[in-house]
Amino acid sequence: MDKTLRVGIAGLGHVGADVFRLLHEHADLLSDRTHRRIVVTAVSARDKTKDRGIDLSSVTWHDDPAAMAGDDNVDLIVELMGGAEGAAFDLVKKALEAGKSVVTANKALVALRAPDLLSILENGKGAIAYEAAVAGGVPVIKGLREGLTGNEVRAVYGILNGTCNYILSEMTATGRDFEDVLKEAQAKGYAEADPSFDVDGIDTGHKTAILAGIAFGCVPDFKSVSIEGIRGITPLDIQFADELGFRIKLLGIARQTEDGIAQSVEPCLVPKNTPVANVEGPLNAVYVDGDYVEKVLFVGAGAGGRPTASAVVADIVDMACDQYLPLMGTYKPAKLKPADMGARIGSYYLRLNVLDKPGVIADVSAILRDNRVSLETVLQRGRDPGQPVQVILTTHESTENAIKAVTQQIAALDAAVEPPHVMRIEGF
Ligand code: NAP
Ligand code: HSE
């Protein structure tokens, strides 16, 4: 049996406590698989007095997580605090500079600080692994960076946030309201410390930037991800989407185009008969489209302590066996060239709230005609002369710029009660 691997865990929240439990419960199994004992020797969190349901009596407690980088009784750092700045970055930097490798579940750190991490890695001896940072327990980083490495990737896309998928699924199934379901997702340990990261699409943006980085051999470029979250989705949208044969899903999409890499996060209408439409609750689903393999779909638990601990421990096992790859899967990650998002082609759903009076649909049709946008469906529910009514339009393929122009011009009509609510329709 080789030398014991001594692990320091910083962060004992939903994920950290379950990583601690897993390493303890599966100690023998992991020892058989790595030919080493993997033992937690040190931990850090903010509140030493909190009962976390784990026995910390035999480990060293560090009030300052960064102190673990200098602890001679720790070989590997597991960072599970979160955040791209402050304690998490400080610890990771110090650990790598001290020649210790790092395992993290922190997507914000990888998406936003990749340039810093790459430069620290260039000069240090450690490595970083981050399987749990995208799609929780689903081994999509390994799938993309190892299993599909022979392919030129055309696109990577899917449901990347368990909290949002849980909220949209519950709202669809039960008609419950947004705030109520969000509280439940927080209690179940799916949501980020600040849940606006989830519902405003930022967490999906971080994951999309990471996947794009690996898929296209680039440094993640979060700033060029176009982001919209799910706060604007109403029960009416869910109901109309259902009538038209769709479900609403928050999708992260990174696609190679002739003009560069198009990266977006937005709620989309997805046909009900596609696999992604039927991925419910906190599950995630990620498609990778490669030139030799074609489409591969990864599905599984995208959030929650136990599934995420499973991914974190997979990285710890790799480190125990001295197996690691360059941060973005390539030795020379390039600068990402963003595509012009306005030139993107797609079909769209528009929900108009307009006054029910003669000539309004004629005005709307003229706007569509003038912008060369072709209609597929028009749906009006109810009739209330002179009062606001909801009118739903779906379009054939057109550019995003044309749809933006249509939206602005409809919003400026006297009969418009509010600006149209627009969503892309993704075919898969
Ligand atoms: P969490 O429940 O909020 O736990 C965070 C932990 O970090 C807590 O134990 C907290 O201490 C500790 N901490 C925070 N700031 C600290 C500081 N300055 N010094 C020392 N300790 C500090 O978060 P989580 O859900 O476990 O998520 C942890 C990481 O995993 C994040 O990067 C998150 O994005 C990622 N992740 C989470 C999931 C998920 O489903 N939850 C899935 C994939 C990835 P106290 O307990 O004392 O407050
Ligand atoms: N808050 C994240 C989610 C955790 O809901 O997907 C997993 O990354």
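- Between N151 and Y292, the shortest heavy-atom distance links the atoms OD1-N, 2.9 Å.
- For the residue pair R231/S196, the side-chain donor-acceptor check at 3.5 Å is not satisfied.
- C268 contributes atom SG, which lies 9.5 Å from atom CD1 of I425 (distance to the nearest 0.5 angstrom).
- Inter-residue side-chain proximity for I54 and L12 is flagged as met; some heavy-atom pair is nearer than 4.5 Å.
- A salt bridge links D28 to R37: one of the charged nitrogens lies within less than 4.0 Å of a carboxylate oxygen.
- Counting heavy atoms from C-beta outward, D318 and K142 have side chains that approach closer than 4.5 Å.
- Around the CZ atom of R306, the shell of radius 6.0 Å holds no more than 12 heavy atoms that belong to other residues, nucleotides or ligands.
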I would like to know whether T399 and N401 meet side-chain hydrogen bond (donor to acceptor under 3.5 Å, both in side chains); could you show each step before the answer? CA-CA 5 Å; T399 65; N401 278 339; 5.4 Å; no

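- A 4.5 Å side-chain heavy-atom check between I233 and M423 finds at least one atom pair inside the cut-off.
- By the neighbour-count criterion of 12 heavy atoms within 6.0 Å, atom NZ of K272 is densely surrounded, having more than that number from other residues, nucleotides or ligands.
- E400 has its side chain within reach of R424: a pair of non-hydrogen atoms, C-beta onward, lies under 4.5 Å apart.
- In terms of modelled atom types and a separation under 3.5 Å, the side chain of E131 and the main chain of A311 share no donor-acceptor contact.
- Ring planes of F222 and H206: tilted class, angle from 30 to 60°.
- Under 3.5 Å, the side chains of N278 and R247 contain a donor-acceptor pair of N or O atoms.
- Each of L352, I403, V406 was evaluated against V422; a single residue qualifies, I403, per the side chain to side chain contact (heavy atoms under 4.5 Å, CB included) test.
- Looking at D237 and T234, their side chains do bring a donor and an acceptor atom within 3.5 Å of each other.
- Looking only at side-chain heavy atoms (C-beta outward), H421 and L350 stay at 4.5 Å or farther from each other.
- Look at K125 and E97 and you find no salt bridge, because none of the NZ, NE, NH1 or NH2 atoms lies under 4.0 Å from a carboxylate O.
- Although no hydrogens or angles enter the test, the distance criterion places no donor-acceptor pair under 3.5 Å between the side chain of Y130 and the main chain of V102.
- A donor-acceptor contact shorter than 3.5 Å links the side chain of N165 to the backbone of V279.
- Interatomic distance, R6 CZ to T41 OG1, rounded to the nearest 0.5 Å: 6.5 Å.
- When the shell of 6.0 Å around NE2 of H24 is examined, it contains 12 or fewer heavy atoms from other residues, nucleotides or ligands.
- With a 4.5 Å cut-off on side-chain heavy atoms, L297 and P275 count as touching.
- D291 places a side-chain N or O within 3.5 Å of a backbone atom of E152 that can act as its donor or acceptor partner.
- By the neighbour-count criterion of 12 heavy atoms within 6.0 Å, atom NZ of K337 is densely surrounded, having more than that number from other residues, nucleotides or ligands.
- A cation-pi arrangement is found for R113 relative to F89, the charged atom lying closer than 6.0 Å to the ring centre and inside a 45° cone about the ring normal.
- Atoms CD1 and CG, on I128 and L327 in that order, are 5.5 Å from each other to the nearest 0.5 Å.
- Between E266 and R344, at least one side-chain nitrogen of the basic residue sits less than 4.0 Å from a carboxylate oxygen of the acidic one, meeting the salt-bridge criterion.
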Margin query: Run E184 and R176 through salt bridge (Lys or Arg N to Asp or Glu O under 4.0 Å) and show every step you take.
Written below: CA-CA 11 Å; E184 201 171 274; R176 285 164 66 199; 2.9 Å; yes

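- The 12-atom threshold is not exceeded at CZ of R33, counting heavy atoms of other residues, nucleotides or ligands nearer than 6.0 Å.
- Contact of the V74 side chain with the K100 side chain is registered, since non-hydrogen atoms from C-beta on lie closer than 4.5 Å.
- With no hydrogens or angles considered, a side-chain donor-acceptor pair links Q263 and S224 at under 3.5 Å.
- Relative to the ring axis of Y157, R255 places its NZ or CZ within 45° and under 6.0 Å from the centre.
- When all heavy atoms are compared, the tightest approach of G162 to A303 is CA-CB, 4.3 Å.
- Judged purely by atom type and a 3.5 angstrom limit, D198 uses its side chain to pair as donor or acceptor with the backbone of E192.
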